[in-house]
Amino acid sequence: MKHAAFAGRLVMLGFGSIGQGVLPLILRHIDIAPDRITIVTAEERGQEVAAEYGIRFILQAATRDNFADLLTPLLGKGDFLLNLSVDVSSVELMKLCQKLDVLYLDTVVEPWAGGYTDPALTPSQRSNYAMREEAIALREMAQGGPTSITAHGANPGLVSHFVKQAMLDIARDTGAPIANPPPAQDRAAWAAIAERLGIKVIHIAERDTQVGSQPKKPGEFVNTWSVDGFVGEGSQPAELGWGSHEKALPPDGYRHGFGCDAAIYLMRPGASTRVRSWTPLEGPMHGFLITHNESISLADYYTVRDADGAVRYRPTAHYAYHPCDDAVLSIHELAGKNWEMQPEKRLMTDEILRGMDELGVLLMGHAKGAYWYGSRLTIEQARKLVPHNNATSLQVTVAVLAGVIWAMENPRLGVVESDEMDHARILEICAPYLGEVVGVYSDWTPLQGRGVLFPEAVDGQDPWQFANFRVT
Ligand code: NAD
């Protein structure tokens, strides 16, 4: 089914695992002629896939010095720039798109190459918080301009829509159904629902169980999506939206001192920060608290303030990521080398034998305890549904497709975050590609089973304190 017709030109910047995975979806669901699409990318990787679909392929990295000259001839009023690269400044691309009157979608908010690990920047300056502040600062300039969606893949992106659906489910199941969900632009109404339901903590709880035919070798980083992307974000300070129920800042936790103040950062990389979490099929697990845009945007979006501006309610929000087992071993090795990258990288695709990506949101602290809502997509399902994808990439690529369609349907909204988009429309487009979409309640808390073998210091008064989730 074609969801939209697009007469403009579409430029895809970057053509790695996500770019190659989304191209067949775009051609399947958007009425666009292949000769209206151009790929601009830094490596030959993917050239044969572009050729398979008859898409023009330009091999040229975008840099601080050349990006405007490189992209301007390819883009004009009403066209679309889809950024699926690494190492290119999202904010600079957003500014260029506003100037050229071009629609834009990104799956993250990225800095220029080296920005995540620049020792000249403080941890706060190289945080996702700082990058998000820079992106949303463009809102005013972009008002009434072409729609420019930041950070809309699976997470960040799709998970924001899962949170809304999960809240509606919890409201229904606790006897307070919401007949007419407010529009996404009505942030205050959604925040009021979260407060009323008593949601204290939101995890993006993900367990990737995909395994390949060749085990990870020493000196090799293996993952099911961009190794560079994962190592980049894993090396950033751990960041989390900081809820109003939290009693004390972690000993290594800091506020930024500027911007919306919805989040804090820890003075250590996310790839060495573990938290207790839970998914329905895995059960209890340790995940990495990798910094992500949605940790901050969710906490900001669901904030309720008193008349004097003081924060009355805000959930804690963060990622709890258990990547595939070979990626866990890769992180262990990387940390042992003090974050110096392994000489070899391998993005698992055809060699994956089995497994699934169980990706959802875990809403906690409400009347029914904990509720996980999300997608269970197996490698077999992913391969059957769309070529050039694994289970992890398909959850991202279908969300990219949905975001692109939504931007085409809503073309003059300026800068938009995932939380501000219509969750029902996005989920409708994504549903056929997410495998089994389920909601499961649980009585799990981070205190479960603690202190049986060894004494542990926990806050038994409130299981939902961050200190109880953190693995120390
Ligand atoms: P990848 O490493 O497989 O591919 C990156 C692509 O970018 C490659 O084609 C590379 O040649 C190109 N590239 C690198 N530098 C470039 C430059 N200077 N100019 C132009 N192209 C350049 O990565 P991926 O897995 O496809 O991920 C792409 C992006 O999507 C990353 O930023 C990643 O963090 C993001 N991502 C987001 C989500 C999400 O759910 N929101 C999930 C996965 C990936």
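Just so you know, ligand 1 is whichever comes first in the structure, and atom 1 is the first atom listed for that ligand.
Between I193 and Y302 the shortest side-chain heavy-atom distance does not fall below 4.5 Å.
Contact residues for ligand 1 (protein heavy atom closer than 4.0 angstrom to any ligand atom): L13, G14, F15, G16, S17, I18, T41, A42, E43, R45, A61, A62, L84, S85, V86, V88, T107, V108, E110, G153, A154, N155, P156, W225, S226, L347, V396.
Take D419 and apply the salt bridge (Lys or Arg N to Asp or Glu O under 4.0 Å) test, not counting sequence neighbours, and it matches no residue. Judged as a salt bridge (Lys or Arg N to Asp or Glu O under 4.0 Å), and not counting sequence neighbours, the contacts of R412 are D101.
In summary, R64 and D87 do not engage in a salt bridge, as defined by a charged side-chain N under 4.0 Å from a carboxylate O. Between K345 and D228, at least one side-chain nitrogen of the basic residue sits less than 4.0 Å from a carboxylate oxygen of the acidic one, meeting the salt-bridge criterion.
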Show which side-chain atoms of residues 9-21 pair as donor or acceptor with protein atoms under 3.5 Å away, not counting sequence neighbours.
from	atom 1	to	atom 2	distance (Å)
R9	NE	D79	OD2	2.9
R9	NH2	D79	OD2	3.0
Q20	NE2	F15	O	2.9

